[in-house]
Amino acid sequence: MASYIGSATPRVDGRAKVTGEAKYAGEFNVPGLVHGYVVESTIPKGRIVRIDPSGALEVDGVIDVLTHRNRPQMADKDDAYKDEVATEKGSPYRPLYDDIVLFSGQPLALVLAEDWETARVAASLVKVEYQKAPHVTDLHTERANAFAIDKPEKPRGDAEKAFASAAVRHEAEYFIPTEHHNPMELFASTAIWDDGQLTVYDKTQGVQNVQQYLCGVFKMKPDAVRVMSPYMGGGFGSGLRPQYQVVLAVLAARALKRPVRVMLSRAQMYALGHRPATIERLALGAKSDGTLDAMTHEAIAVTSQFEEFARNDTGWGNLLYRSPNAKFEHKLVKLDVPTSCDMRAPGAATGVYALECAMDELAVALKTDPVQLRLQCYSDRDQGADIPYTSKQLRECYREGAAAFGWDKRKAEPRSMREGSDLVGWGMASGVWEALQMATTVRIVLTANGHAEVATAASDIGTGTYTIMAQVAADMLGLPIDNINVKLGDSTLPQCPLEGGSWIASSVCNAIANTARAVRGDLLKLAIGMKDSPLAGAGVDDVALIDGKIVSRRDATRAVSIASAMQSGTADRITREEANKVAEDKSHARNVHSAIFAEVKVDEQLGVIRVTRVVNAVAAGRILNPKTAHSQVMGGVVWGIGMALHEETLFDHRFGRVMNANIAEYHVPVNADVHDIKVIFVDEPDEMVNPLGIKGLGEIGIVGVAAAIANAVYHATGKRVRDLPITLDKVIQFN
Amino acid sequence: MARSGAAKRVTRMVTVPEKIPIRLTVNGNRMELTVAPWTTLLDALRDHLDLTGTKKGCDHGQCGACTVLVDGRRINSCLTLAVMKEGAEIITIEGLAHDGELHPLQQAFIDHDAFQCGYCTSGQICSAAGLIAEGKAKTADEIRELMSGNICRCGAYPNIVSAIQQAMERS
Ligand code: FES
Ligand code: FES
């Protein structure tokens, strides 16, 4: 039987998605559904002096208006609001808790009505009077108040001294503005209250995280709360923490004892969390032979006034480039905005952008080819922990990426390549991310008719989890993929971590392998118990499940069909639940790598920038499904294009509010912005990283892409733009 | 559902309008429903007819997730009031497959993995059906341009273009 692992299997949920059958959190039209509409704050900081719902309450069809004054009871301790990814320091935001306004767009009231339009119009009639307090929302004006946080990366040598005496130096600041995830699906929750039992359909990347959070906030018993998310219309990190609409939906369902849906508007989603605006300072010092001697990376990032959110922006250089002297610093600035949150490749998308632009600038200063510089500085060890990698085929990424792109035809001089009225620029960058595994349990129920159900409380946020679970289970159980039924997105299923950090594929698939092995053991026992069993004396690892049979690995003619083994034991089903084994071994670094090559064409007169070609060569261990893997990396590249050229949440700092809280003025790439994207998976067998050799792909696709594009824009125009996004006004004065 | 009856003055600013009976043909089925004049075609489909295959991504005509075919033309159903479409023929994503056989575009989207999360997909497919009917797009660049009203945050664009090309060739 052909192996499904490694084959370009079409998505098993494809049909549901192209026919409109797949149901998302806001699409459960249960009878008697009440619709909630949020009234949000129009100031960034202060107190509610008075909130008057009377206008709303007079509207025909309005049932109630919930505010901090009349809401049902909620927990009063911080711990109850701490979800799995809550920041270590700080107090999580509590929706509708009290009269304090912490950010613009904060929910202040929930209008509940028999239909959505009525709730919406009534929401506009709720009057709020504030006592305003002075606010700050601008990272640049507040950077003097930045404070350093503890970082794991230790300094090495004396980076300042080495930099001062370096033959060639580059030092600069780079800036990444606030960005918003903008998944296509609006955040929504449907809460169904049934006599003390609560079922919630939620837009989330972690059903069990939300379930535990709701139990804490509402002091409910775990078996009284079930959270479901069979499909999710994009997450990108925005659905890692429970968002406020789920609290409001549950509050209302408890208050009314009726099912309630709360769906946010696109504008309201700009108050959920964001990639923090970040200033990155790089100081690189090289010897005249082009090897690094000094590396300093400092980041100053935004967090809220009430939580300290920070990710690893500065440590990536330790993984990529050898430097005897190095120093890292991470600072935070507290602003009157919602707490920043994870957004695709958090820390790396921003930190590696700055690092890889700085390396490009150093290559220019050294008059070295950018690929050559990276090879000269290549590190075979994680210098932070001073350990080797389980695998690192980054050299091969550079080689295959450059070859596919045609990098050898690049003329080094900026503004030296043209095509008609366009300046042509070629740039490159490296990418790096982690290859983690988290504790995960999978249940398999195998029935005598050769069908199996494979279940864990994962989410498939579009990454293809349904499909790879089916592929791995089909191979491990020796069944056709159509006989595998995958269940996920339900908090009552076996324990599974959040869908994030690129760890789901490795965690879930290794757990499937372990569970399938246990199932195989049970089958073997039954087979051995048969009269004159051809498998007598075999151990669980002496046999494999192939084509519906238990087959000796040594002699394929010795086999027993699954059906007859089960029949002989009068078992109509085998149920097993096992976990993956998360390595304790810290002797090797576990990372995924990439090399990105980008071509831009810049209209010389107008400054219009188009990304005409991108090659992303990725070394990510075993690729389970080239089709969905390709889509994930391609999507990451599209995100990199947005980050480089389009995306920026714009504030009016006088009011402390977002000015472009919609998907027309917050620009994301559209079809016409995206041209030729080539994804290469470099061969990287790795049995050490985890038994199946899976490294994960969710983040790596975006890392380094914005840098490759920024470097290409420099190469095209001779103008170095260090603050993203690179809009045409920033390059237009290049003559 | 909100009480119907004579328009009722609520506050100094807002009155709740009276609901109006309308007839639509949706995916070949004649439907009668009673909607408020401010109900969009999108909400009528999703909330009144439980046809949730048509998606809401912005409610402002900015994303294309709500694209449906009205009398053969692609429109953003969030920018259209249901009452304006009295008597119209509407095709949604639920109406493209026939007797369990997928529409060539639906099959092409699966073949080319032209989606990830699937939330923009109904709109992309309906929009592509409209695009093919318009007959204007011939090249990949023209497809890109004329499909740019449909945002895909997952970034499936190159695969969407390939899928549309496949369906065009076969239609
Ligand atoms: S929902 Fe209609 S265009 Fe976005
Ligand atoms: S498939 Fe997710 S937005 Fe297009």
Side-chain angles (χ1 to χ4, degrees), chain A residues 10-11 13-24 26-27 29 55 58-61 113-118 121 124-125 182-186 231-234 236 263 265-266 461-464 627-628 630-632 634-639 662-664 668-672 674 676-677, chain B residues 1-3 8 10-11 13-14 16 36 38-39 43 46-47 50-60 62-63 65 92-94 96-97 102 105-107 109-111 113 115-122 125 141 143-145 147-161:
Chain A
R11 280 173 205 266
D13 52 342
R15 195 181 173 98
K17 285 176 176 172
V18 300
T19 54
E21 276 161 29
K23 275 203 186 292
Y24 298 78
E27 300 179 342
N29 289 325
E58 280 177 51
V59 178
D60 200 6
E114 299 290 352
D115 65 42
W116 181 75
E117 295 90 337
T118 304
V121 74
S124 71
L125 303 174
N182 277 303
M184 288 313 300
E185 182 195 8
L186 299 172
Y231 293 98
M232 193 201 191
F236 315 113
M263 188 185 253
S265 69
R266 177 63 55 185
I461 63 176
T463 43
K627 206 180 187 97
T628 54
H630 179 278
S631 289
Q632 256 188 303
M634 183 177 76
V637 171
V638 172
W639 271 61
N662 62 73
I663 203 158
V668 298
V670 299
N671 208 321
V674 178
D676 188 6
I677 297 175
Chain B
M1 296 291 110
R3 280 161 266 168
K8 187 177 164 190
V10 174
T11 67
M13 284 128 33
V14 178
V16 175
W38 61 24
T39 296
D43 290 327
R46 282 170 66 86
D47 290 349
D50 199 24
L51 291 171
T52 54
T54 306
K55 303 302 181 194
K56 184 185 280 193
C58 69
D59 227 11
H60 284 61
Q62 299 174 335
C63 75
T92 71
I93 191 71
E94 290 94 342
L96 287 181
L102 295 179
L105 274 164
Q106 291 173 313
Q107 189 58 51
F109 268 61
I110 293 177
D111 294 346
D113 206 37
F115 52 88
Q116 291 194 46
C117 76
Y119 201 79
C120 73
T121 310
S122 307
I125 291 175
D141 269 341
I143 294 173
R144 285 186 190 108
E145 188 64 34
M147 285 298 292
S148 281
N150 290 85
I151 295 175
C152 175
R153 187 55 160 160
C154 294
Y157 298 124
N159 292 359
I160 291 170
V161 174

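When reading the values below, keep in mind they use all heavy atoms of this one structure, side chains included, and skip hydrogens, waters and symmetry mates. Labels below follow one simple rule: chain letters A, B, ... track the order of the sequence lines, proteins then strands, and each chain is numbered from 1.
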Return the option, out of B:Gly53, B:Ala156, B:Gly118, B:Ser122, with the maximum number of heavy-atom pairs under 4.5 Å with chain A.
-> B:Gly118
Most chain A-contacting option - heavy-atom pairs closer than 4.5 Å, from B:Leu51, B:Ile125, B:Leu102 | B:Leu102
Does the pair B:Asn150 and A:Asn671 meet the rule for a side-chain contact (heavy atoms from CB on, under 4.5 Å), with working shown?
-> CA-CA 8 Å; B:Asn150 290 85; A:Asn671 208 321; over 6 Å; no
By a 4.5 Å heavy-atom criterion (distance strictly below it), what part of A:Met232 contacts chain B: side chain, backbone, both, or neither?
-> backbone
What is the distance from atom OG1 of A:Thr19 to atom CZ of B:Phe109, rounded to the nearest 0.5 Å?
-> 13.5 Å
Under a 4.5 Å heavy-atom cut-off, does chain A meet the side chain of B:Asp43, its backbone, both or neither?
-> side chain
Counting only heavy atoms closer than 4.5 Å, note whether B:Asp59 contacts chain A via side chain, backbone, both or neither.
-> side chain
With distance as the sole test, does A:Asn29 use its side chain to make a donor-acceptor pair with the main-chain N or O of B:Arg46 at under 3.5 Å?
-> yes
Atom group of B:Leu96 that falls short of 4.5 Å from chain A, counting heavy atoms | neither
Under 3.5 Å, side chain of B:Tyr157 to main-chain N/O of A:Pro669, donor-acceptor pair present?
-> yes
Nearest non-hydrogen partners of B:Gly155 and A:Met634, listed with the distance = O-CE, 3.6 Å
Do any N or O atoms from the side chain of B:Lys55 and from the backbone of A:Gly20 form a donor-acceptor pair under 3.5 angstrom?
-> no
Quick one: which of A:Arg266, A:Gln632, A:Met263, A:Glu185 has the most heavy-atom pairs under 4.5 Å with chain B, could you say?
-> A:Glu185
State which residues pass salt bridge (Lys or Arg N to Asp or Glu O under 4.0 Å) with B:Asp141; sequence neighbours excluded, sorted by chain then number.
-> B:Arg144
Before giving the answer on side-chain contact (heavy atoms from CB on, under 4.5 Å), spell out for B:Ile151 and A:Ile663 the whole-Å C-alpha distance, their side-chain angles and the decisive distance to 0.1 Å.
-> CA-CA 9 Å; B:Ile151 295 175; A:Ile663 203 158; 4.0 Å; yes
Please report the shortest heavy-atom distance between A:Gly233 and B:Cys117, naming the atom on each side.
-> C-SG, 3.5 Å
Do you know which of A:Tyr231, A:Tyr24, A:Phe236, A:Trp116 has the most heavy-atom pairs under 4.5 Å to chain B?
-> A:Tyr24
Chain A interface, residue from B:Ile143, B:Thr92, B:Ile110, B:Val161 that has the most non-hydrogen pairs under 4.5 Å = B:Ile110
Report the option among A:Asn662, A:Thr628, A:Ile677 that has the most heavy-atom pairs separated by less than 4.5 Å from atoms of chain B.
-> A:Asn662
Which residues pass the salt bridge (Lys or Arg N to Asp or Glu O under 4.0 Å) test with A:Arg15, sequence neighbours left out?
-> none
Going from CG on A:Asn182 to SG on B:Cys63, what distance comes out if it is rounded to the nearest 0.5 angstrom?
-> 10.0 Å
What part of B:Ile160 lies closer than 4.5 angstrom to a heavy atom of chain A: side chain, backbone, both or neither?
-> side chain
Segment of A:Ala664 engaging chain B (4.5 angstrom heavy-atom cut-off) | both
Taking all non-hydrogen atoms of both residues into account, name the closest pair between A:Val18 and B:Gln106 and its distance.
-> O-NE2, 2.8 Å
Of all heavy-atom pairs linking A:Gly635 and B:Gln116, the shortest is CA-NE2, 4.3 Å
Please walk me through it: do A:Glu117 and B:Thr39 pass side chain to side chain donor-acceptor pair (under 3.5 Å)?
-> CA-CA 7 Å; A:Glu117 295 90 337; B:Thr39 296; 2.9 Å; yes
Pair A:Lys17-B:Tyr119, side-chain contact (heavy atoms from CB on, under 4.5 Å): steps then yes or no = CA-CA 8 Å; A:Lys17 285 176 176 172; B:Tyr119 201 79; over 6 Å; no
